[in-house]
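The figures that follow rest on heavy atoms only: side chains count, while hydrogens, waters and symmetry mates do not. Chain identifiers are assigned alphabetically (A, B, ...) following the order of the sequence lines, protein sequences preceding nucleic acid strands; residue numbering begins at 1 within each chain.
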Amino acid sequence: MSDRLIYLDHAATTAVKPEVFEAMKPYFTELFGNPSSIYSLGRTAKKAISEAREKVAAALNADAKEIFFTGSGTEADNWAIKGVAYANRKKGKHIITTAIEHHAVLHTCEYLEKEGFEVTYLPVDENGLICTKRLEKAIRPDTILITIMLANNEIGTIQPIEEIGEIARQKGVIFHTDAVQAIGNVKIDVKSMNVDLLSLSAHKFYGPKGVGALYIRKGINITNLMHGGAQERKRRASTENVAGIVGLGKAIEIASNNIEQYNKKLLALSQKAIEEISEKIPYIKFNGHQKLRLPGTVNISFRFIEGESLLLMLDMKGILASSGSACTSGSLDPSHVLLAIGLPHEIAHGSLRISFGEESTEQDVSFLVEQLSLIVERLRGMSPLYEDFVKNEGRNLYV
Amino acid sequence: MVYFDNSATTKPYDEVVDIMRTMDKEFFGNPSSLHGLGVESERKINMARDTVAAILKIEPNELYFTGSGTEANNLAIKGYLKANQHSGKHIITTQIEHPSVIEVYKYLENNGYEVDYLKVDEGGAIDFSHYSQLIRESTALVSIIYVNSETGSIQDLERASHMLKMKNKKAKLHVDAVQAFGKMKLFPSKMGIDMLSISSHKIHGPKGVGGLYVSKGIRLAPIIHGGGQEYSLRSGTENVSGICGFAKACEMTYSKLSDNIKKVRVVNATLRQGIQEIDDSRVISPEGASPYILNAAFKNVKAEVLLHHMANEKIFISTGSACSSKKNIRSPILTAMGVEPNWIDGAVRFSFSHTNTIDEARVVVNKLKEIILKIRF
């Protein structure tokens, strides 16, 4: 066992920053009022929510009136997609998405298919990029929604969002993007990106779990997901999670102020990891686009390796990583994203996602590479397939 | 400051805040992650689920965490009807529900369901002969609020469940217990309740967490799809610190429940007595209501004006449910109870916690007397 934990799973979730918790704390303690209450304690809570809303709006270049808080990024995705689908069903029943969306989007689309909507799942190339020409061709007169993620949670590939937004705008189709992995890593401007709806989640950028937000451009027709009180300007019932919302506001403010520095740091760590791993470990493949990618996410397939075993052995050394998106890592099916970029099942199974963050260091990378090469060697040593492979075609490099 | 608006929300216990801090800082893993930190988060959620389930005397896998009491109500009603579309297009609720139930029923009314709104008597108790007439073969679901959020009136749910099942075996009973949980013993499965909603921030837990009990064997469809968390019923990365904070609040509240109730009864009785000394006043909460809520009305007083004057004295009360604090709308709940409009206009709600004291009640009585003299028209 290692005496310290090296957390390399920031794409799954992050720890709440101390300054974020400090900002939240008064709303757990003396300022605990219900924002719907009309006396000072309630008004103070309401004001805190407005300030958080301003911060989110500033980070997205949106208007504060276009920001709605939710209980998670998943809820924001569900609301955006179902809300637009139901509100516009008289116009049409066709939705376009991609094969590599997060399950919050994919399973919502699958649900809508059962409800009588038609969904086109755009394929991606080996780097995880969609083809915008193909998107244009997929648009039909009855297409009411395009939902395409900004950055992929497993392989980090960033889609050409401006271009997609432009196409959607020209064709008069509503465009939603799941930006849950992108916030804090990619500079967002909903105006220049031509985005109509955008989902985000606080716990991916050092905010608390249990709070997300949906940007809804003014004028977009959308039904509610949750009915009840008149909170969030009658769009999302429930007593507001005041402390959580304040935490989200603080976290997104910090994230957007530091975005360049943070990117630089993560990119340097990723590059170091990629270089050293390529140097030390043969028969591997890096997944995702080389340039159009999240700076902190590295996804690697190791031939002759079981991803889960790799993960557990790293865990024993105090290195915490992921074999795919956290939400699916309980299942035995290989990642739908890795299959969509064309990896065969057995290769997809041997994949590892490392995601760097705030507290990651160069020493972490060195320790990771050292342990990773030992573990990979050990696991391959136990693999009869690897033995045969070395015997028969030892010099043939895996492509 | 005297905070007598504990039905709107409560101040989290210090211990709850401490736990949340620790979770967010040290045990921040995603429960779906396979590594140690993720497994630890998953274990913490399971422990929280065990704690809350033990209090309700239900199985842990009958409890689903949600993002709020409102979400629990939405999930129970929409989720049940979606998954059981063959079970009928008729649904029943009462005229005195919280907006998070009534608005869902209205939504369903616009989407192909036939809805009946059950009458209540002047004490706020549901009218059982009306109820009996309403139940039919096509009745799929009934939603009844346990403790009313404005008056504290308590329903006889065992009777309601029994009557429902006698007339229609398949129909299910959903109960909004947001104002009951933490304030009385509550054993849904023993009472014949099929689904029950609870909320954390009403019992000194954090906002942004709720729970739904669903009796084993009942199928619900999710309203939020995705990663398959909460046994695939409620996707979204679990609010680990919120859930643990909620469980802690449950544990602390229920470990001292009878003491808590005793304290609240004294505060309630003191205030009730003081109010009765004021001319042209009337306690609207019926005998046998939850001691945690006291609704009283003052003739020729504008409730909003009273509220503002009290707030100036740092006494916080409300006119009704915070969620329905809309201006210029007379409380549908008091209206359903047959309270006359001139009384409703002067009705306010005092709601308590065990942290309130008898001295606070005395201060409130004195200020009430003073202010009412000044503002009466």
- Message: Is B:Thr10 close to chain A through its backbone or its side chain, or both, or neither, when contacts mean heavy atoms under 4.5 Å?
- Response: backbone

- Does the ring of B:Tyr107 carry B:Lys78 above it, NZ/CZ under 6.0 angstrom from centre and within 45° of its axis? yes

- Message: Report which part of A:Thr74 has an atom under 4.5 Å of a heavy atom belonging to chain B: side chain, backbone, both, or neither.
- Response: both

- Heavy-atom contact with chain A under 4.5 Å, split by part of B:Phe27: neither

- Query: When you measure from the centre of the six-membered ring of A:Phe69, is the NZ or CZ of A:Arg236 under 6.0 Å away and within 45° of the axis?
  - Reply: no

- Query: Which region of A:Phe21, side chain (C-beta onward) or backbone (N, CA, C, O), has a non-hydrogen atom less than 4.5 Å from a non-hydrogen atom of chain B, or is it both or neither?
  - Reply: side chain

- B:Arg234 NZ/CZ over B:Phe65 ring centroid, <6.0 Å and within 45° of normal: no

- Message: I'd like to know which of B:Lys25, B:Lys82, B:His308 tops the heavy-atom pair count under 4.5 Å against chain A.
- Response: B:Lys82

- Query: Of the backbone (N, CA, C, O) and the side chain (C-beta and beyond), which part of A:Glu110 lies under 4.5 Å from a heavy atom of chain B, both, or neither?
  - Reply: neither

- Message: Which atoms of B:Glu238 are under 4.5 Å from chain A, going by heavy atoms: the side chain, the backbone, both sets, or neither?
- Response: backbone

- Message: Need one label for B:Ile317: side chain, backbone, both or neither, based on atoms under 4.5 Å from any heavy atom in chain A.
- Response: backbone

- Query: Given a strict heavy-atom distance threshold of 4.5 Å, which part of A:Glu101 is in contact with chain B: side chain, backbone, both, or neither?
  - Reply: neither

- Item | Contact class of A:Ala237 relative to chain B, heavy atoms under 4.5 angstrom | both

- Item | Heavy-atom proximity to chain B below 4.5 Å, by part of A:Asn241 | both

